[in-house]
Protein chains: 2
Amino acid sequence: MTGNKSPESAAIRLSLYLRHLRKMKKERVISSEELARFIGTSGARVRKDLCYFGQFGTTGKGYLVRELQEEISKILGLNRVWDIALVGVGKLGSALLGYDGFRKSGFNIRIGFDVKSNIIGKKIVGVPVYHPYQIPKMIRERKIRMGIVAVPAKAAQESIDLFVISGVEAILNFSPIAVVAPSYVKLMQADLTNQLEIMSYSIINKAKKETQTRIS
Amino acid sequence: MTGNKSPESAAIRLSLYLRHLRKMKKERVISSEELARFIGTSGARVRKDLCYFGQFGTTGKGYLVRELQEEISKILGLNRVWDIALVGVGKLGSALLGYDGFRKSGFNIRIGFDVKSNIIGKKIVGVPVYHPYQIPKMIRERKIRMGIVAVPAKAAQESIDLFVISGVEAILNFSPIAVVAPSYVKLMQADLTNQLEIMSYSIINKAKKETQTRIS
DNA sequence: GAGTGTGAATGTATTCACAGCA
DNA sequence: TGCTGTGAATACATTCACACTC
């Protein structure tokens, strides 16, 4: 049976598997253990992840590289191009616009929004910039389903609300603030300061654990 | 008893609690329910998170704002300044160097490394750039404990290895590739392409779920 | 009475272990 | 024999519910 409900954490790893498969040129087949080694996980986990979505392997042999690549692309929805809207064309926003990796993976930032009048109406890295009040109109017109928020903290919730009413279905938020969205919108946090804070915590905590171990 | 082992997921939320406490100017006391509302979680979870680390509240009243702020800062190790090293001073790296939010939260990128000869020896946004072969020497000299990796995929593992042998204890990796580090080094992924891929997956998947529901 | 601190119950993800097929 | 697919067992995280304190 394939009907086990798939944890989203599996999706995170699927895209890592996919990247490795894409790099494989010669081999026609790969085992779960082998694939696991490149991602830093276990064969069991690879098999489990894949088995949530179907039966792609050949017992006793492994997985056909090209076939598996195709299947994972389908599962993740990567056999197409995604258009994306960006609010906040500052330093970080511009860097994202110029990042080739997105385009290579089929993610195209097509339109930018910012309140700074000196860039409105211009193109930044080839992408036209509009005032945020145009968000609903432009996004509906272009049927854009993904948004990126790279504005200062105090404008973040507002930007997200605009995306939501425009029908955006998934949002990546870089602003260092807790924001909310309706449950039918996928909201992902890319809060870099938060990441550094967790790093700080784990350094501190590791030191504490070691001390405790030494004492006891 | 305070001795419940604390999940790391609690640490992620602690930093969100802290941000809200910092913004509070007038109130001297706050209840778990109230704090929860701003983060988009439940009072029970706030209390649980805090109770992993100690007893900070007053039964029947709530938590003293300033005291709780101080305690969380201590737990996360944010009552100090962290020096950080950055490998890869390209578009994204430069944007990170120029990002004020880090400095405001006590994270200081002090030194950059890149292979591009036209920026080696110069300062980018006030931060000196060196060749990566200098990583071990410079990092040990300056006792830097955190690193950020913003290089192209094929140079990522190499950069991480250099950080590891230099004694860096926590690394934030932006490269879109699966990398590994010894278990005593905290490795965090800020793989933006991966985030977009997960967004793609959840849009596709949501559509599927809806169809299924409609049918059944 | 209002609100914390925390066991117990539930839900979710990971790991184990092995039957069964090529 | 080698490797997949997958139940069962374990570990981990969240939510519930309430005794207890100020």
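Numbers restart at 1 for each chain; the letters A, B, ... are given by sequence-line order, proteins then strands.
Among Ile144(B), Ile109(B), Ile139(B), the single residue meeting the side chain to side chain contact (heavy atoms under 4.5 Å, CB included) criterion with Asp83(B) is Ile144(B).
Atom CD in Glu8(B) sits about 13 Å away from atom C1' in dA13(D), given to the nearest Å. Here the P atom of nucleotide dG5(D) and the CG atom of Leu68(A) are 10 Å apart, to the nearest Å. Between Leu35(B) atom CG and dG3(C) atom P there is a gap of 14 Å when expressed in whole angstrom units. Rounded to whole Å, atom C1' of dT15(C) lies 12 Å from atom CG of Asp49(A). Across the protein-nucleic acid pair, Lys48(A) atom NZ and dA17(C) atom P stand 14 Å apart, rounded to whole Å.
Contact detail for Ala10(B) and Asp49(B): the closest heavy-atom pair is CB-OD1, 3.5 Å. The two atoms that bring Leu97(A) and Val89(A) nearest to each other are CD1-CG1, 3.9 Å, heavy atoms only. Residue Ser15(B) comes nearest to Asn194(A) through the heavy atom pair OG-OD1, 2.7 Å, listed as atom of the first residue, atom of the second, then distance.
Where Ala44(B) and Arg13(A) each meet DNA chain C at their nearest nucleotide, the meeting point lying more 5' is that of Ala44(B).
With hydrogens and angles disregarded, no donor-acceptor distance shorter than 3.5 Å links the side chain of Asn108(B) to the backbone of Arg110(B). For Ser175(B) (side chain) and Val151(B) (main-chain N/O), a donor-acceptor pair under 3.5 Å exists by modelled atom type.
Arg45(A) has no side-chain polar atom (N or O) that falls below the 4.0 Å cut-off from OP1 or OP2 of dT6(D).
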Could you list, one pair per line, each protein nitrogen or oxygen that sits under 3.5 Å from a nitrogen or oxygen of nucleotides 1-4 of chain D, together with the distance?
| from | atom 1 | to | atom 2 | distance (Å) |
| --- | --- | --- | --- | --- |
| dC3(D) | O2 | Gly60(A) | N | 3.4 |
| dT4(D) | OP1 | Ser32(A) | N | 2.7 |
| dT4(D) | OP2 | Ser32(A) | OG | 2.7 |

